[in-house]
Amino acid sequence: MPELPEVETVARQLAPLLAGRRVRALQILDQRLAGQSWPDLSGYYIATVERCGKRVAIALTRRRNTPPQRWLCVHLRMTGRLIWVAQTRGATADERHLRARLDLHGGSLLFYDARRFGTLELCDAHPLGAEKGQDPLSPALTALALGELLAGSRQELKPWLMRQDRLAGIGNIYASEILFLAGINPQRPAGALDTAEVAALLCATRTVLRKAIKHCGTTFSDFQDSSGEMGGFQRFLKVYGRAGQPCRRCRGKIERIMQGQRSTFYCPACQPLPLKPRRGRR
DNA sequence: ACCCTCCTGTCA
DNA sequence: TGACAGGAGGGT
């Protein structure tokens, strides 16, 4: 379930629950995660919980009110979930996909992951420094800066938007939604947008992501104590998952195509290809 | 620019 | 049974 808005939601909700608590132990239950050597984290305090691209970064400090020295970084990939359970009630309901657990004083953070694509890593520096792509919500990303990132790329725009080394955080759902709002065809070459289109793309990106964050993302189960709850953005989806259904704007038919082995949803009428190939060089 | 792969689950 | 799933890294 993880794209930027979902991860942001997880981080925001976990932060007040975890901050200030002290680590009892980190238990790695899945061999796939045990690859790296895991030092003993007991005694560390949790300083903050932040989102970094699509990662949740849990900042750890040896002593309260001192800068963090280590960061436990979780990437949820397709099916990862972080679930907070207060106290250590007896047996947890579903142990089936439990891959790791961070036991704290007062509760446990459980990492579930059915497909086991998710990752856990311990960093010795703030993970923001290792993040190659820019945060789409950062004020540093101006239309000019976005234009420079796009310039020269012949990659199709929708797969380009999902490149984490350019913009960090956009995934398959929001890439389609953003392009619909911007009125830009997903198959346009990324480097061929004119300045007005770049501005529209940036505006749509911010609008969609902010609104999704406001509604706690699209579909996912709550991590308070595993009461399954849908992210509120589900009902605002304009194109994703709506192939064959009428466009909410023009009543035309939403199409589904494959780009780089991933589904793309769009409205051919609202997101037309330009008649003439654009001036865009290169 | 394409392909496959990592894994498991769900749905037509 | 096969297609597909919110991700990403590898290879050619």
Side-chain angles (χ1 to χ4, degrees), chain A residues 1-11 29-36 51-56 73-83 94-100 111-121 127 130-133 136 152-180 186-192 205 208-209 211-213 215-223 228-244 255-265 282:
Chain A
M1 79 184 87
E3 291 186 45
L4 186 152
E6 289 75 31
V7 180
E8 180 76 25
T9 300
V10 169
L29 306 173
D30 183 352
Q31 276 312 112
R32 273 177 74 87
L33 299 174
Q36 59 189 300
R51 175 187 65 80
C52 194
K54 289 181 189 171
R55 258 169 253 267
V56 176
C73 296
V74 186
H75 198 310
L76 301 167
R77 296 287 178 98
M78 302 282 260
T79 52
R81 286 149 198 261
L82 285 173
I83 297 184
D94 182 16
E95 298 275 304
R96 206 164 39 129
H97 295 138
L98 187 58
R99 308 302 181 193
F111 177 41
Y112 290 93
D113 188 10
R115 286 175 79 176
R116 304 162 76 201
F117 287 166
T119 61
L120 264 191
E121 55 190 326
E131 200 67 57
K132 282 176 278 188
S153 174
R154 275 173 295 182
Q155 187 171 23
E156 292 182 323
L157 190 50
K158 192 266 192 169
W160 188 95
L161 279 177
M162 295 170 63
R163 290 182 59 166
Q164 304 302 300
D165 61 338
R166 297 299 190 271
L167 298 180
I170 299 171
N172 207 35
I173 291 180
Y174 296 108
S176 282
E177 294 298 315
I178 286 165
L179 289 173
F180 174 78
Q187 295 182 299
R188 292 277 300 283
T205 299
V208 167
L209 295 179
K211 186 172 176 188
I213 290 171
H215 293 278
C216 298
T218 306
T219 296
F220 67 96
S221 71
D222 188 24
F223 45 88
E229 197 175 293
M230 300 283 267
F233 195 71
Q234 190 84 356
R235 59 200 158 96
F236 295 105
L237 294 177
K238 301 277 201 292
V239 287
Y240 186 84
R242 300 193 61 247
E255 297 283 340
R256 169 179 176 268
I257 58 174
M258 294 303 277
Q259 291 181 291
Q261 322 300 119
R262 312 296 301 278
S263 299
T264 297
F265 298 88
R282 296 174 250 34

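All chains are named by letter (A, B, ...) in the order of the sequence lines, taking the proteins before the strands, and each is independently numbered beginning at 1.
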Q) Nucleotide by nucleotide, 5' to 3', does protein get under 4.0 Å of the base (B), only the sugar-phosphate (S), or neither (-) in nucleotides 7-12 of chain C, counting heavy atoms? A) BS----
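- Between A:T79 and the phosphate of C:dG6, there is no side-chain N or O to OP1/OP2 separation shorter than 4.0 Å.
- Taking CD of A:Q187 as the reference point, atom CD of A:Q155 lies at 13.0 Å (rounded to 0.5 Å).
- Following rounding to the nearest Å, A:R116 (CZ) and B:dT8 (P) show an atom-to-atom distance of 5 Å.
- Taking a pair as Watson-Crick or G-U wobble with both distances under 3.5 Å, the runs of three or more consecutive pairs in DNA chain C are B:1-6 with C:7-12, B:8-12 with C:1-5.
- For A:H97, a side-chain nitrogen or oxygen approaches OP1 or OP2 of B:dG9 to under 4.0 Å.
- The listed nucleotides are B:dA1, C:dG6, C:dC4; the one nearest the side chain of A:R256 is C:dC4.
- When the P atom is compared between C:dC4 and B:dC3, the two are found 14 Å apart, to the nearest whole Å.
- Distance from the side chain of A:Y240 is smallest for C:dG6 among the nucleotides B:dA1, B:dC7, C:dG6.
- One finds the CE atom of A:M78 at 8.0 Å from the CG atom of A:N172 (value rounded to the nearest 0.5 Å).
- When all heavy atoms are compared, the tightest approach of A:P136 to A:L4 is CD-CD1, 3.8 Å.
- Between A:L157 atom CG and B:dA1 atom C1' the separation is 16 Å, expressed in whole Å.
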Q. Under the side chain to side chain contact (heavy atoms under 4.5 Å, CB included) criterion, do A:L98 and A:F111 qualify, and how do the steps go?
A. CA-CA 6 Å; A:L98 187 58; A:F111 177 41; 5.6 Å; no
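- With hydrogens and angles left out, the side-chain atoms of A:Q234 and A:T218 include no donor and acceptor closer than 3.5 Å.
- Between the side chains of A:T79 and A:R115, no donor N or O sits under 3.5 Å from an acceptor N or O.
- Annotation: B:dT5 and C:dG2 have their P atoms spaced 16 Å apart (nearest Å).
- In this structure, A:I257 atom CD1 and B:dC2 atom P are separated by 11 Å, rounded to whole Å.
- Under 3.5 Å, the side chains of A:Y240 and A:S263 contain no donor-acceptor pair of N or O atoms.
- Rounded to whole angstrom, the span from the CZ atom of A:R81 across to the P atom of B:dC7 amounts to 20 Å.
- Atom pair A:F265:CZ and C:dC4:P shows a separation of 10 Å (rounding to whole Å applied).
- One interatomic measurement links the two molecules: CZ of A:R96 to C1' of B:dT8, which rounds to 9 Å at whole-angstrom precision.
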Q: Apply salt bridge (charged side-chain N to carboxylate O under 4.0 Å, His left out) to the pair A:R55 and A:E121, showing each step before the final yes or no.
A: CA-CA 10 Å; A:R55 258 169 253 267; A:E121 55 190 326; 2.9 Å; yes
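- Atom pair A:D113:CG and B:dC6:C1' shows a separation of 11 Å (rounding to whole Å applied).
- Salt-bridge annotation for A:D30 and A:R116: present, with a side-chain N of the basic residue lying under 4.0 Å from a carboxylate O of the acidic one.
- When distances are taken from the side chain of A:Q261 to each of C:dC4, B:dC4, B:dG9, the shortest belongs to B:dC4.
- Within the 3.5 Å criterion, the main-chain N or O of A:G133 finds no donor-acceptor partner in the side chain of A:D165.
- As rounded to whole Å, 12 Å separates atom P of C:dG6 from atom CD of A:E177.
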